[in-house]
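I have placed the structure first, in the form of structure tokens, so that the comments after it can refer back to it.
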Amino acid sequence: MKDVVVRTLCPAACTEKGLPSDGVTAFASFLHTQSAGQAIRLRHLRNGTVLPDIQANNDFDYSMQSYELLPNKVKIFSGDTVEVICRYDTSGRSQVTLGGEGAADERCISFVFVYPKPRLSSCKSRIPSDIMNDFVDKSIA
């Protein structure tokens, strides 16, 4: 399929618990997906308002991944939401592509480098297994 979009989320409820009230400063990021990834961006929201992207790569190349210093440091406050949005093209694949850690699987993640060191070290989201299983069952039926 062309232009499949997946969003992963670090919601406000998570940053409220893991970031200091005066926030952290993001200075670098590593955007990551696998070989079907075409574009990836790190979106920043505060109180429902979309702020400028923290980082975006609209011409993603799996073989050219590295962390990047952000052109402008970004303040992320307790209660902010951070979202990773990935666009994929799996039209050349003959099998269903699932999320996971294998080379043929896909993922949509970003490692954000910040200071000072927060309590929050990881914020993950995923589709609940029952919903994913139902989707796969309907897709192959």
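Heads up: numbering here begins at 1 and tracks the sequence.
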Can you tell me if Ser110 uses its side chain to pair, donor with acceptor, with the backbone of Leu42 under 3.5 Å? no
How many angstroms lie between atom NZ of Lys2 and atom OG of Ser91, to the nearest 0.5 angstrom? 5.0 Å
May I ask you to decide if Lys75's main-chain N or O and Thr25's side chain share a donor-acceptor pair within less than 3.5 Å? no
Hey, mind stepping through Thr15 and Cys10 against side chain to side chain contact (heavy atoms under 4.5 Å, CB included) and telling me if it holds? CA-CA 7 Å; Thr15 63; Cys10 185; 3.9 Å; yes
Under-2.5 Å SG separation for cysteines Cys123, Cys14: no
Passing option when His44 is tested against Asp80, Asp53, Thr81 for side chain to side chain donor-acceptor pair (under 3.5 Å): Asp80
Do Arg43 and Arg7 make a side-chain contact, defined as non-hydrogen atoms from C-beta onward lying under 4.5 Å apart? yes
Could you give the distance from CD1 (Ile40) to CD1 (Ile85), rounded to the nearest 0.5 Å? 10.0 Å
Any chance the rings of Phe113 and Tyr67 have centres within less than 6.0 Å? yes
Any chain of hydrophobic side-chain contacts (each under 4.5 Å) joining Ile54 to Leu120? yes
We want to know whether Arg41 and Gln55 form a side-chain donor-acceptor pair, criterion being a heavy-atom distance below 3.5 angstrom. no
Kindly indicate whether the side chain of Ile76, heavy atoms from C-beta on, has any atom under 4.5 Å from the side chain of Val82. yes
Can you measure from CZ (Arg87) to CZ (Phe60) and round to the nearest 0.5 angstrom? 11.5 Å
Quick one: CD on Glu83 to SG on Cys108, what's the gap to the nearest 0.5 Å? 9.0 Å
Could you see if Tyr62 belongs to whatever hydrophobic cluster contains Leu31? Use Ile, Leu, Val, Met, Phe, Trp, Tyr and a side-chain cutoff under 4.5 Å. yes
Can you measure from CG (Leu51) to CZ (Arg46) and round to the nearest 0.5 angstrom? 5.5 Å
Pair Tyr88-Thr33, side-chain donor/acceptor within less than 3.5 Å: yes
Got a sec: does the CG of Asn47 have more than 12 other heavy atoms crowding it under 6.0 Å? no
So, for Pro20 and Pro118, which heavy atoms are closest and what is the spacing to 0.1 Å? CD-CB, 4.4 Å
For the atom pair CZ (Phe30) and CD (Glu68), what is the distance rounded to the nearest 0.5 Å? 10.0 Å
Linked, directly or transitively: Leu70 and Leu19 (ILVMFWY side chains, under 4.5 Å): yes
